[in-house]
2 protein chains.
Amino acid sequence: MSRGSTEQPSTADGPRQTGRATLRDVAKLAGVSIATASKALNNQPQVRAETRTRVLQAAEQLSFSPNTLAQGLITQRSGTVGLLTSDLEGRFSIPILMGAEDAFGSDQTSVFLCDARGDNLRERHHLRALLSRRVDGLIVVGARPDARPSLGRDLPVPVIYAYSPSDDPADLSLVTDNVGGGRMAVDHLIRHGRRRIAHITGDPSYGAAQDRARGALDRLAEEGLPLAGDQVWFGAWSEAWGRGATRMLLQRDPDIDAIFAGSDEIARGVLDVLHQEKLAVPTQVAVIGFDNWNILAVNARPPLTTIDMNLEALGRLAAQRLFAAIDGTLGSGVETVAPRLITRESTAPLD
Amino acid sequence: MSRGSTEQPSTADGPRQTGRATLRDVAKLAGVSIATASKALNNQPQVRAETRTRVLQAAEQLSFSPNTLAQGLITQRSGTVGLLTSDLEGRFSIPILMGAEDAFGSDQTSVFLCDARGDNLRERHHLRALLSRRVDGLIVVGARPDARPSLGRDLPVPVIYAYSPSDDPADLSLVTDNVGGGRMAVDHLIRHGRRRIAHITGDPSYGAAQDRARGALDRLAEEGLPLAGDQVWFGAWSEAWGRGATRMLLQRDPDIDAIFAGSDEIARGVLDVLHQEKLAVPTQVAVIGFDNWNILAVNARPPLTTIDMNLEALGRLAAQRLFAAIDGTLGSGVETVAPRLITRESTAPLD
DNA sequence: CGGAAGACCGAAAAGGTTTTCAGGAACGTA
DNA sequence: TACGTTCCTGAAAACCTTTTCGGTCTTCCG
């Protein structure tokens with residue numbers, strides 16, 4: 001560390017009572033007033049070059065670092081934002097978090113992480129704490145892609161809802177375009193010459209399941225193609241359901257040539273049964289997943305073509321929107337982020 | 001929100017210039033001085049009960065929330081800590097984070113999240129920012145269970161290293177007991193009557209791989225048992241390596257009755273090949289993994305017995321140690337957290 | 001040489017809270 | 001009535017920085 005290289009400042013060589021150099025110390029060492037020292041460090045123009053360097057040297061020597069609390073107190077801006085997630089464990093929050101943290105990090109903004117663990121009381125508690133800390137803004141990251149209760153309209157800072165939209169249309173929410181994702185998946189299969197496409201997906205109470213199915217059906221309809229297997233196979237977001245549904249599906253409709261799975265987890269189950277049934281992937285049946293959950297998709301046999309929700313981009317976008325809202329005023333409504341196709345080996349043109 | 005229920009305070013009904021009620025406003029409304037208001041809100045004894053309730057009511061009415069920045073400025077304690085991780089993406093950081101966040105949350109401490117993304121420069125940058133924000137302490141969460149460079153001895157706040165120990169023995173590091181984990185895994189197999197136990201694990205450059213292997217070998221030696229397969233099969237932390245190694249292993253030593261896999265990912269590969277070879281799990285061959293990575297372990301067929309590193313507990317412990325260190329002084333050396341066995345169906349007593 | 005303009009610097013207020021210390025009121029005792 | 005206690009309350013300093021505004025000094029021009 002650079003602090004290490006200087007003689008560690010102690011009672012002997014300087015007036016350090018609190019253990020840290022303050023602007024006053026720097027000013028004294030540089031032989032100027034506090035005001036001048038401040039200006040010099042902040043690149044204000046009204047200070048001579050020679051004086052500035054003297055101050056800079058003094059600051060360096062004392063390894064001065066400005067007290068952000070005091071700065072925040074006076075500028076009425078803390079330079080912090082709150083990231084209020086309801087479910088850190090769930091794998092979807094993390095990439096959003098990363099994106100947001102990354103975007104803020106390149107500014108001067110630091111991020112408070114709060115995990116409410118799905119508990120409403122804990123959420124309120126964290127909210128109070130964050131407001132008390134005078135965060136400049138808030139990003140609320142939901143656990144499921146369905147609407148969640150708004151934090152309210154009368155908060156003193158801008159709020160952005162990510163992944164789970166707010167149930168108040170006056171709030172600004174950022175979500176992934178699941179309809180577009182479903183459409184994209186089926187489009188990919190169609191382009192590869194598939195005609196008998198089935199769809200196995202998760203819990204029908206999830207908006208995401210409904211939306212993806214709708215996108216898929218829309219795209220099929222445009223092409224005048226029927227949905228293979230006679231229905232959307234709703235069930236659970238699990239490998240086990242993927243296996244079960246595939247078995248039933250094959251029984252009802254043995255000559256499908258593609259399966260769109262509503263998640264990579266389900267896709268793994270699908271692949272598993274296709275293997276057992278000696279149906280070659282992708283030559284006989286193409287499989288496409290959803291989520292691009294790396295550990296599952298990459299290690300699948302064959303590696304899984306899938307739809308990536310671009311969650312990190314969503315997090316970054318949330319950060320940008322919040323940043324813009326901090327001085328300006330905030331928009332409202334629901335904004336969607338386009339997913340993207342990740343092509344691997346589980347899909348290929350039909351001979 | 002409670003703020004919502006009051007007439008929203010505006011220019012009309014009160015002296016609100018900055019948009020938020022301040023202690024001065026509360027005091028004025030309650031008809032007392034700022035000092036008294038402060039004491040009343042902080043449960044100081046030198047204030048009459050009647051006055052206290054008057055202040056409390058005023059605070060409630062204005063939905064006052066104290067400015068933590070100002071408090072921190074004067075108390076010389078910000079009530080925040082920094083969580084400096086080098087790799088948010090990696091799945092190991094998350095549970096540690098959750099544990100720490102949870103432990104701090106129940107106190108009054110808020111957590112700054114910083115992801116250095118494995119970049120040294122970014123780490124320094126974040127460190128500077130955190131110190132500038134006057135965090136009361138720091139937890140450094142590594143990406144790999146191997147030693148990492150210390151942040152230095154002369155930081156003005158206590159630092160605790162989690163998962164990756166610091167290379168400076170004067171620092172305090174908290175790590176998982178991988179030797180104990182390896183021992184625990186083999187012990188479990190032995191207790192279930194297994195005698196021909198093999199070990200397939202990941203990248204030998206990882207301390208964790210070496211430690212787990214050592215623990216396993218120790219336990220075997222105690223029992224006078226040889227290691228089946230003639231060697232520890234080091235390779236990569238991947239399903240593919242799990243598959244490859246299992247094939248080679250079976251060729252060399254067809255009648256093993258248990259495999260200890262160095263990670264759940266590897267274990268999945270192992271299970272896969274055992275399936276193909278028609279070796280029944282757990283009746284013929286028992287399999288135990290490491291990490292308790294839920295998505296892999298639970299969905300395996302059969303569900304995987306595995307070793308859980310107790311990372312969330314590690315995070316919580318780190319928080320506690322840091323908390324203790326903030327007033328007192330910090331210990332040093334490496335402290336280990338015991339892993340725990342998660343029994344599922346991939347292991348069972350040999351008839 | 002006088003004066004105006006410009007460059008640089010410093011005193012002081014402000015931001016919101018905690019805490020110390022002194023003063024005032026009420027009360028009991030001599 | 002005078003005085004000592006006990007309780008409450010409030011003025012003011014402190015924490016560290018930014019920013020405004022007035023002041024000093026130099027320089028240049030007439």
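Labels below follow one simple rule: chain letters A, B, ... track the order of the sequence lines, proteins then strands, and each chain is numbered from 1.
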Taking only side-chain N and O atoms of B/T22, does any of them lie within less than 4.0 angstrom of OP1 or OP2 on C/dG15? no
Between B/D119 and B/R124, does a salt bridge (charged side-chain N to carboxylate O under 4.0 Å, His left out) hold up when you go through it step by step? CA-CA 9 Å; B/D119 179 6; B/R124 303 224 84 77; over 6 Å; no
In whole angstroms, how far is the P atom of D/dT18 from the CD atom of A/Q44? 9 Å
Pairing of B/R117 and A/E312 as salt bridge, 4.0 angstrom limit: yes
For the helix from C/dC1-D/dG30 to C/dA30-D/dT1, measure the angle between the helix axis at one end and the axis at the other, each built from five pairs, rounding to 10°. 70°
Give the rounded distance in Å between these two atoms: CZ of B/R24 and P of C/dT17. 9 Å
Check the surroundings of atom CD in B/Q108: do more than 12 heavy atoms from other residues, nucleotides or ligands lie under 6.0 Å from it? no
Tell me the interatomic distance from B/L73, atom CG, to D/dT18, atom C1', rounded to whole angstroms. 13 Å
Atom CG of B/L69 and atom C1' of D/dC15: how far apart are they, to the nearest Å? 12 Å
To the nearest Å, how far apart are B/R134 CZ and D/dC15 C1'? 11 Å
Between A/D171 and A/R148, is there a salt bridge with N-O shorter than 4.0 Å? no
Ion pair check, B/R153 and B/D168, cut-off under 4.0 Å: yes
Can you give me the N/O atom pairs linking the protein to nucleotides 8-13 of chain C at distances under 3.5 Å, or say none if there are none?
unit_1: C/dC9; atom_1: OP1; unit_2: A/R48; atom_2: NH2; d: 3.0
unit_1: C/dC9; atom_1: OP1; unit_2: A/T51; atom_2: OG1; d: 2.5
unit_1: C/dC9; atom_1: OP2; unit_2: A/R48; atom_2: N; d: 3.0
unit_1: C/dC9; atom_1: OP2; unit_2: A/T51; atom_2: OG1; d: 3.4
unit_1: C/dG10; atom_1: OP2; unit_2: A/S33; atom_2: N; d: 2.8
unit_1: C/dG10; atom_1: OP2; unit_2: A/S33; atom_2: OG; d: 3.3
unit_1: C/dG10; atom_1: OP2; unit_2: A/T36; atom_2: OG1; d: 2.8
unit_1: C/dG10; atom_1: O6; unit_2: A/K39; atom_2: NZ; d: 2.6

Between B/S93 and B/D87, a side-chain donor and acceptor under 3.5 Å: no
Tell me: CG of B/N67 to C1' of C/dT18, nearest whole Å? 13 Å
Exactly one candidate in B/I139, B/I96, B/L138 meets side chain to side chain contact (heavy atoms under 4.5 Å, CB included) with B/L83; the answer is B/I139
Could you tell me whether the phosphate oxygens of D/dC16, OP1 or OP2, come under 4.0 Å of any side-chain nitrogen or oxygen in B/Q76? yes
Looking only at the side chain of B/L23 (C-beta and beyond, no hydrogens), which of the listed nucleotides D/dT18, C/dT17, C/dG16 gets closest? C/dT17
When you look at B/L56 and B/L41, which way does the side chain to side chain contact (heavy atoms under 4.5 Å, CB included) test go after all the steps? CA-CA 7 Å; B/L56 256 38; B/L41 292 173; 3.5 Å; yes
From CZ of B/F64 over to P of C/dT17, roughly how many Å is that when rounded to an integer? 4 Å
Inter-residue atom distance A/D115.CG - A/E123.CD, 0.5 Å rounding: 10.5 Å
Rounded to whole angstrom units, what separation is found between the CZ atom of A/R133 and the P atom of C/dT17? 14 Å
Distance test, side-chain N/O of A/T75 to OP1/OP2 of D/dT18, below 4.0 Å: no
